[in-house]
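Here is the naming used below: chain letters follow the sequence lines, and residue numbers restart at 1 for every chain.
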Amino acid sequence: MNILPPTSETELLNRAYTLAGKTLGDIAKLHQKYVPTSLIHAKGWIGQLIEKTLGANGSNLDQPDFINLGIELKTLPVTAQGFPCESTYICAASIPCEDKTWEQSRVWRKMEKMLWVPIESNSEKPLLAQRIGTPILWSPSIRIVTQLREDWEELTELMTLGNFEDLSAHKGKYLQIRPKAANAKTFIQVIDHQGQSISIVPKGFYIRTILTRQIIEHHYCT
DNA sequence: ATTTGATCATTT
DNA sequence: AAATGATCAAAT
């Protein structure tokens, strides 16, 4: 079953809202999709299921999932109380950074407008019994954009200058840099602060749960 | 071989 | 328990 991309934001939202309250089992049944027994060997399964259901068309391009709408789709695992369980991957960090400014950055292009689909996936609930929450169409407020830009600039500067020893997941209030690779033996060559070529594990930008928690809370309070 | 989708598993 | 560091599969 192939679902055409939504042609407007409204159409996307209407589709998304129909998912609220359904279980992953309900959705998987529609697509007769292969269902893994666990996410250990299928970590992207939920995200791909929701993408397919909503008709995402950005697939493997370095663009938002809904290219024509400029909207990035993210599933977000949350506890029964609505708190995010995990950080959220945004994009790979090219080193050295090719994006000259925050406004041109891949992080910003993906975060300018996002559709969050919460998945209640606490405890040891069976995968197919996990329930989809009310989707949230979100754009960061000025306050959050300012902080994101600050984080991005700090992290990008460290990578640009080659200060990889100072670069760690501890940096950044909302945005952080973490490994993003098949495993810890995957390397890329970069130039360090002394001009030496060194090997490091590829990195990616992630956003912390302190930000996604605000997104959820704000949505339910306004 | 890379980029997408992320969560798993160990450390703090 | 929460955060960091490591890892897995599909699609191209």
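Residue-level contact check: Tyr206(A) touches the bases, meaning some heavy atom is under 4.0 Å from a base atom. Residue contacts for Gly44(A): at a heavy-atom cut-off of 4.0 Å it reaches a base atom on one of the strands shown. If you check every strand for non-hydrogen atoms under 4.0 Å, Thr209(A) touches sugar and phosphate atoms only. Across all strands shown, Pro77(A) has heavy atoms under 4.0 Å from sugar-phosphate atoms exclusively, and none from any base.
Salt-bridge check for Glu9(A) with Lys113(A): passed, with a basic side-chain N closer than 4.0 Å to an acidic carboxylate O.
Using a distance-only test at 3.5 Å, with no hydrogens or angles considered, no donor-acceptor pair links the side chain of Thr209(A) to the main chain of Thr212(A).
Comparing the local axis fitted to the first five base pairs of the helix from dA1(B)-dT12(C) to dT12(B)-dA1(C) with the one fitted to its last five gives a bend of 20°, rounded to 10°.
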Steps toward side-chain hydrogen bond (donor to acceptor under 3.5 Å, both in side chains) verdict (Gln214(A), Tyr174(A))
CA-CA 11 Å; Gln214(A) 289 178 33; Tyr174(A) 291 154; 3.1 Å; yes
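Contact annotation: Arg208(A) does not reach the phosphate of dA2(C) (side-chain N/O to OP1 or OP2, under 4.0 Å). Side-chain N/O atoms of Lys43(A) include none lying less than 4.0 angstrom from OP1 or OP2 on dT7(C).
Nearer the 5' end of DNA chain C, as judged by each residue's closest nucleotide, is the contact made by Ser87(A), out of Ser87(A) and His41(A).
With hydrogens and angles ignored, no donor-acceptor pair closer than 3.5 Å exists between the side chain of Tyr34(A) and the base of dA10(C).
Using a 4.0 Å cutoff on non-hydrogen atoms, the parts of residues 153-184 of chain A near DNA chain B are Arg178(A), Lys180(A), ordered by number.
For the pair Arg178(A) and Tyr206(A), the distance from NZ or CZ to the six-membered ring centre is under 6.0 Å and the angle to the ring normal is within 45 degrees.
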